[in-house]
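Worksheet for the structure shown next.
Letters go in sequence order (proteins before strands), and every chain restarts at 1.
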Protein chains: 2
Amino acid sequence: MTIRDIARLTGYSVATVSRVLNGYPHVHPQTRARILSVIQKNGFQPHHAARALATSRTYILGLLMSDITNPFYPELARGVEDAAAARGYRVILCNTDGDLQKERAYITSLMRGHVDGLIFASVRLDDSFLQYLVRQRFPLVLANRRFYGLPVDSVAVDNVLGAKRAVSHLISHGHQRIAHITGPSYVSNAVERLQGYREAMEEAGLKVRKEWIVVGDFTRRSGYEKAMVLFSLKPRPTAIFAENDNMAVGALGAAFELGLRVPEDVAIVGFDDIDLAGAEAIQLTTVSQHIYEMGEKAVSLLLQRIEAGDRRDPTQVTLDPTLIIRRSCGCQRTPARIPTRYHKRRAQRDV
Amino acid sequence: MTIRDIARLTGYSVATVSRVLNGYPHVHPQTRARILSVIQKNGFQPHHAARALATSRTYILGLLMSDITNPFYPELARGVEDAAAARGYRVILCNTDGDLQKERAYITSLMRGHVDGLIFASVRLDDSFLQYLVRQRFPLVLANRRFYGLPVDSVAVDNVLGAKRAVSHLISHGHQRIAHITGPSYVSNAVERLQGYREAMEEAGLKVRKEWIVVGDFTRRSGYEKAMVLFSLKPRPTAIFAENDNMAVGALGAAFELGLRVPEDVAIVGFDDIDLAGAEAIQLTTVSQHIYEMGEKAVSLLLQRIEAGDRRDPTQVTLDPTLIIRRSCGCQRTPARIPTRYHKRRAQRDV
DNA sequence: GGGAAAATTGTAACCGGTACCAATTTGAAA
DNA sequence: TTTCAAATTGGTACCGGTTACAATTTTCCC
């Protein structure tokens, strides 16, 4: 069933049918009604590829991320997908594992008649290739990553401010030995959050011992391992600020394993506010970077770029980080355990 | 830069260039070399939409799921994406929120020249529409869901067996009052897992009290709430088998909030083995349904269907559920806490 | 050297829409 | 009634590939 079939069935030309399909003016209401009813009756749908070829618009966006399995991304992807769907766009998902080869392969393949624009979520990508893309004027936007000195749209939180808020909160709880799990130095987020940590400490007149700063890689595993290192320090830090929730949850696990109570023995604060952070069993205090909104915003920037082309100046959107207070910082205590006596009794009854 | 440009630059015809692009035989090695070098030099990439229109193959798959934010799906999506990418396919992500309208809208739009096939991950979809799709012979496969009586490819675990293994394990720990958080009865997984629970109890000669079976909706929140209900029962169940990890984690939170130790006061077992279940802070014993492999398998079934058409009989792949033993079932104890004395000392030094 | 088969290459008609331009019809003013 | 602009509709050349078929060249064997 093609547009020509509809033309034949209705007795009109393909041009008129096309006009009806696209809601153009200069079509007699009666004609429109007749054609629409035939379209309806036959369940006709315009062919995507044909339309894309003719208009050179696919209404598909490409979303590149390192790994959807990392709990940060599903929420971003959801924000992107919802915003895209609301404006008639579909989303192609690409996992690159932070592998430059994969990134480039995806990009070059997607650029040619595949997608109308690309969203790079915390993508690595060397300067030269990104520069090349920008010069090509292919619509793209960076999310959760900055690239200074290049005229490109981007969305990210104010990382320095977010980190400062987290650390200041810990300080307000009376903590002085605050350790920090940072990320690889080639990630702009890591650098900025580390800076925020330093500034907050300095402004409070606290000095930072260098063994308090350990480098993770944003995985839960690395958070666990690095926290283990921190917990072996003497004197032990009384609080940890981890640069993402993943690592904070790992640190939580390390504390648990050592029998340290959170927040009584050690306070922990994360960054991101992934969904899990709010779980009753976790209750992680963290800095929200409004991941979902970041996804939405990335789409709206991208669509502006697609529709307005390079008549627009590149804009850098900065989201305001907000501290989400839960249990792990010390604002709420750990629930008391049911006394052992009670358990003994119950156990006896069981037998 | 089109194929005609390459033809002009090399002096050959578009047909020959096309043959080179597609690696067809009957091209002189020298010709191939020359054309390839020109393609290389100009960074030519064939236009996706044009190729799709000509061949009526898009090399895109559609993946429908309720919500990528649900921790079950990212891993599935990753399995799908990896398997697809390995065979030259891209994946379009669709969040339907289990909304039948959205599902149908996505499907009808994607079917026309958009994707070569669809993967329905635990999709609701009424019988009639699914039947219609099957009759249309559009390539599709069901993942994490069965549809009995319809000739359609599908992948799923053996839910009954998985549930039995989970419950039997709890029984082997000496539990007798084992409660169960099930899912909505319109979900085939829920029905089957509930059946497995019943069978395991029955085979062990344990009777099931009806208040031990509570209905959740697979969200963490519902796991939390239903566990709270279970914990208020007298006598309190000594173990809970939740039908997915999400709800099990919710139950963990409820236990924590009431000061109940897991596994000493209450054992908890989940289903799925999402990534989080292995976190040190959670350590959830669960039944793995090999989510990643499920995604891979779904793709391989779908591609077979796409390539072989209806010459293939529909196949139902059943994955073997394996019990992943961690802490929450009672095989490992909760680490002892560092004595309070020690904390006091530390606190004094702090001031 | 002749002739058939195989190898190589070219021509042009699709695929299913869109959109420019022209043709025709309609409506209103003159 | 004539005239002209606006409204409506049709014809057809694209978009950028693929591929059936034809044409040409080369290879091989007797």
Show me the donor-acceptor pairs within less than 3.5 Å that the side chains of residues 291-303 of chain A make with the rest of the protein, sequence neighbours left out.
from   : atom 1 : to     : atom 2 : distance (Å)
A:Y292 : OH     : A:D82  : OD2    : 2.5
A:S300 : OG     : A:K297 : O      : 3.3

To the nearest angstrom, the CG-P distance between A:D5 and C:dC15 comes to 11 Å

Distances for protein N or O near nucleotides 22-25 of chain C N or O, under 3.5 Å:
none

Which residues in residues 31-40 of chain A have at least one heavy atom lying under 4.0 Å from any atom of DNA chain C? none

Salt bridge (charged side-chain N to carboxylate O under 4.0 Å, His left out) involving B:D275 - partner list, sequence neighbours excluded: A:R220

With five pairs defining each end axis, the helix from C:dG1-D:dC30 to C:dA30-D:dT1 comes out bent, to 10°, by 40°

Separation of B:H26 atom NE2 from C:dA6 atom P, in whole Å? 10 Å

If you measure from CG on B:L130 to CZ on B:R135, what distance do you get to the nearest 0.5 Å? 10.5 Å

Which residues satisfy the ring pair (Phe, Tyr, Trp, His ring centres under 6.0 Å) test with A:F129, sequence neighbours excluded? A:Y132

Taking NE2 from B:H114 and P from C:dG16, how many angstroms apart are they, rounded to a whole number? 16 Å

Enumerate the salt bridge (Lys or Arg N to Asp or Glu O under 4.0 Å) contacts for residues 144-154 of chain B, please, sequence neighbours excluded, ordered by first and then second residue. B:D153-B:R305, B:D153-B:R312

For the residue pair A:I60 and A:H114, establish whether any side-chain heavy-atom pair is separated by less than 4.5 Å. no

May I have the list of side-chain donor-acceptor pairs in residues 87-95 of chain A shorter than 3.5 Å, sequence neighbours left out?
from  : atom 1 : to     : atom 2 : distance (Å)
A:Y89 : OH     : A:R57  : NH1    : 3.3
A:Y89 : OH     : A:R57  : NH2    : 3.1
A:R90 : NH1    : B:S109 : OG     : 2.6

Let me have a per-nucleotide readout for nucleotides 10-23 of chain D, 5' to 3', with B, S or -, counting only protein heavy atoms under 4.0 Å. BBB--BBBSB----

Is there any salt bridge (Lys or Arg N to Asp or Glu O under 4.0 Å) pair reaching into residues 27-55 of chain B, and which pairs are they, with sequence neighbours excluded? none

pair B:F138-B:I306: side-chain heavy atoms closer than 4.5 Å: no

What pairs meet the salt bridge (Lys or Arg N to Asp or Glu O under 4.0 Å) rule with one or both residues in residues 8-20 of chain B, with sequence neighbours excluded? B:D5-B:R8

Taking only residues two or more places apart in sequence, or in another chain, which ones meet B:D97 in a salt bridge (charged side-chain N to carboxylate O under 4.0 Å, His left out)? A:R78, B:K102

Is the shortest side-chain heavy-atom distance between A:L76 and A:N144 below 4.5 Å? no

Any side-chain heavy atom of B:V14 sitting closer than 4.5 Å to one from B:T16? no

